[in-house]
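Heads up: the structure comes next, in structure tokens.
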Amino acid sequence: MVKGIRVYEHGGPEVMKWEDVDIGEPKSGEIKLKNKAIGVNYLDVYMRRGLIPSLCPPLTFTPGMEAAGVVIAIGPEVTTCKVGDYVAYAGFPVCSYTEEMILPADRVVPVPPSIDPIIAAAVLFKGLTAHVLVRSCFQIGPEHTILVHAAAGGVGSLVCQWANALGATVIGTVSNEVKAVQAKEDGCHHVIIYKQENIVDRVMEITSGKGVDIAYDSIGKDTFEESAACLRFRGYMVSFGFASGSPEPVKFSVFSDKCLHFTIPSMMLYTKAREDLLAASEELFDNVAKGVLRVRANHKYPLSQVAQAHLDLEDRKTTGSVVLIPDN
Ligand SMILES: NC(=O)c1ccc[n+]([C@@H]2O[C@H](COP(=O)([O-])OP(=O)(O)OC[C@H]3O[C@@H](n4cnc5c(N)ncnc54)[C@H](OP(=O)(O)O)[C@@H]3O)[C@@H](O)[C@H]2O)c1
């Protein structure tokens with residue numbers, strides 16, 4: 001038995017119960033990981049609430065899709081890692097809000113020893129997502145002007161830094177002045193505080209009426225149509241999250257007016273093949289080690305206090321990444 005979180009019914013942060021969890025022993029192809037740090041992602045909120053049924057595990061479940069730690073046992077036929085290895089994982093399976101857990105060995109990646117577990121757990125999920133957005137889904141370069149919502153959030157902070165490093169012109173949106181300061185530090189050439197300014201008007205002003213090449217939209221319902229309106233002729237709408245809920249049904253004219261392209265990328269699908277997972281995580285950790293990406297592990301909570309972490313994330317009180325530290 002280890003200590004961890006169990007969810008018996010979907011709902012608010014209070015449905016996450018701190019309990020003894022029986023995780024068992026690793027079977028063929030599996031490892032047991034002792035978690036040093038656990039990343040919190042907005043996807044964990046959707047799962048706790050029971051949104052996106054195709055992604056949610058059946059009740060009862062232990063939430064969490066990211067952690068960094070040390071391998072403490074391996075099952076038969078594991079060849080990719082050994083006891084004592086320092087590794088991390090991001091994505092499926094959903095199970096990381098515990099002190100220890102069982103994982104398929106082919107889902108973990110090695111972490112360079114120079115990267116602290118808190119930083120690894122703060123960056124892997126969000127950084128692989130940023131990799132999808134700026135390196136796989138598109139190869140961002142100096143010719144691009146991009147719009148990034150939630151520019152001071154976990155994924156947003158990394159997308160802005162990475163796109164800036166690749167030479168793009170970055171326009172970020174945030175809700176307040178404090179977040180605007182961070183977004184500027186993270187490479188936004190222009191920051192729009194959307195509670196004070198109209199996003200579409202400002203984008204058109206900044207781009208001299210042309211619009212942006214790519215709109216990265218992680219907000220959904222509240223921003224979808226605005227994002228499309230910010231795009232140039234033949235621009236790309238990248239809808240990769242729904243922090244405000246799913247957009248209302250959209251009229252095709254939103255896309256046909258400017259011959260827009262639309263995509264809805266998933267980090268988990270882009271890194272499903274092990275070689276893609278390894279290549280992307282290597283490039284990510286390399287950029288962290290070189291200082292191209294500064295990882296903002298701005299909020300740390302004991303694992304048992306995860307309800308407060310979810311409350312703060314949903315209330316938009318956080319910037320950068322949220323990390324849970326196992327109590328033992
Ligand atoms: N497709 C994928 O594979 C993939 C993978 C990872 C994450 N994601 C998505 O990426 C997004 C960011 O994830 P994250 O973990 O880094 O979270 P985050 O960006 O740190 O937190 C969410 C931010 O969204 C903004 N926001 C705007 N409207 C909101 C609303 N109604 N409710 C809550 N927040 C709102 C807030 O920033 P402001 O205060 O500045 O508005 C808030 O801080 C999420 O939508 C997530 O689902 C997608």
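Ligands are counted one by one from 1 in listed order, and the atoms in each one are counted from 1 as well. Heavy atoms only: backbone and side chains are in, while hydrogens, waters and symmetry mates are out.
The contact set between ligand 1 and Lys179, taken as ligand atoms under 4.0 Å from a residue heavy atom, comprises 37 (O), 38 (P), 39 (O), 40 (O), 43 (O). For ligand 1, the atoms sitting less than 4.0 Å from at least one non-hydrogen atom of Glu314 are 33 (C), numbered in the order shown with element in parentheses. Counting atoms of ligand 1 from 1 in the listed order, those under 4.0 Å from a heavy atom of Ile219 are 24 (O), 25 (C), 26 (N), 27 (C), 28 (N). Within ligand 1, counting atoms from 1 as listed, the ones closer than 4.0 Å to a heavy atom of Phe242 are 45 (O). Close approach to Ser244 involves these atoms of ligand 1, each under 4.0 Å from a residue heavy atom: 31 (N). Annotation for ligand 1: atoms under 4.0 Å from non-hydrogen atoms of Met267 are 2 (C), 3 (O). Against a heavy-atom cut-off of under 4.0 Å, Ser218 is close to the following atoms of ligand 1: 10 (O), 11 (C), 45 (O). With ligand atoms numbered from 1 in the order given, ligand 1 contributes 5 (C), 6 (C) to contacts under 4.0 Å with heavy atoms of Phe125.
For Leu313, no nitrogen or oxygen atom sits less than 3.5 Å from a nitrogen or oxygen atom of ligand 1, counting backbone and side chain alike. Polar contact with ligand 1: present for Tyr194 (N/O pair, distance under 3.5 Å). For ligand 1, none of its N or O atoms has an N or O atom of Asn41 under 3.5 Å away. Looking at ligand 1, you'll find an N or O of Gly154 within less than 3.5 Å of one of its N or O atoms. Considering backbone and side-chain atoms alike, Ser175 places an N or O below 3.5 Å from some N or O of ligand 1. The distance criterion of under 3.5 Å between nitrogen or oxygen atoms is met by Pro265 with respect to ligand 1.
At distances below 3.5 Å, not a single donor-acceptor pair connects side-chain atoms of Glu197 with backbone N or O atoms of Ile192. Using a distance-only test at 3.5 Å, with no hydrogens or angles considered, no donor-acceptor pair links the side chain of Lys317 to the main chain of Ala309. Under a 3.5 Å cut-off, the side chain of His131 and the backbone N or O of Ala280 do not form any donor-acceptor pair. At least one donor-acceptor pair closer than 3.5 Å links the side chain of Ser244 to the backbone N or O of Lys221. Remark: side-chain polar atoms of Lys258 are paired, donor with acceptor, to backbone N or O of Leu231 under 3.5 angstrom. Listed for the Asn198 side chain is a donor-acceptor partner under 3.5 Å among the backbone atoms of Val200.
Side chain to side chain, Asp186 and Ser157 meet the donor-acceptor criterion of an N or O pair below 3.5 Å. There is no side-chain donor-acceptor pair under 3.5 Å between Thr271 and Asp276. Under 3.5 Å, the side chains of Tyr97 and Asp44 contain a donor-acceptor pair of N or O atoms. Side-chain atoms of Asp327 and Ser304 include a donor-acceptor pair closer than 3.5 Å. A side-chain donor from one of Lys126 and Asn41 sits under 3.5 Å from a side-chain acceptor of the other. Using modelled atom types and a 3.5 Å distance limit, the side chains of His10 and Arg48 yield no donor-acceptor pair. Looking only at atom types and distance, the side chain of Thr62 has a donor-acceptor partner in the side chain of Arg6 under 3.5 Å away. There is no side-chain donor-acceptor pair under 3.5 Å between His299 and Ser321.
For atom 19 (O) of ligand 1, the nearest non-hydrogen atom of the protein is Gly153 CA, 3.5 Å. In this structure, the protein non-hydrogen atom closest to atom 32 (N) of ligand 1 is Ala243 O, 3.4 Å. Distance from atom 23 (C) of ligand 1 to its nearest protein heavy atom, with residue and atom name: Ala150 CB, 3.9 Å. In this structure, the protein non-hydrogen atom closest to atom 33 (C) of ligand 1 is Tyr42 OH, 3.1 Å. In terms of protein heavy-atom proximity, atom 9 (C) of ligand 1 is nearest to Phe240 O, 3.5 Å. Scanning the protein for heavy atoms near atom 31 (N) of ligand 1, the closest one is Arg316 NH2, 2.9 Å. When only non-hydrogen protein atoms are considered, atom 7 (C) of ligand 1 lies nearest to Val155 CG2, 3.8 Å. Ranking the protein heavy atoms by distance from atom 47 (O) of ligand 1 puts Tyr46 OH, 2.9 Å first.
Here Ser321 has no heavy atoms under 4.0 Å from ligand 1, in either its backbone or its side chain. In Thr129, the part holding a heavy atom less than 4.0 Å from any atom of ligand 1 is the side chain.
Glu185 has a carboxylate O that lies under 4.0 Å from a charged side-chain N of Arg296, or vice versa, which qualifies the two as a salt bridge.
Contact annotation: Ser266 has at least one heavy atom less than 4.0 Å from an atom of ligand 1.
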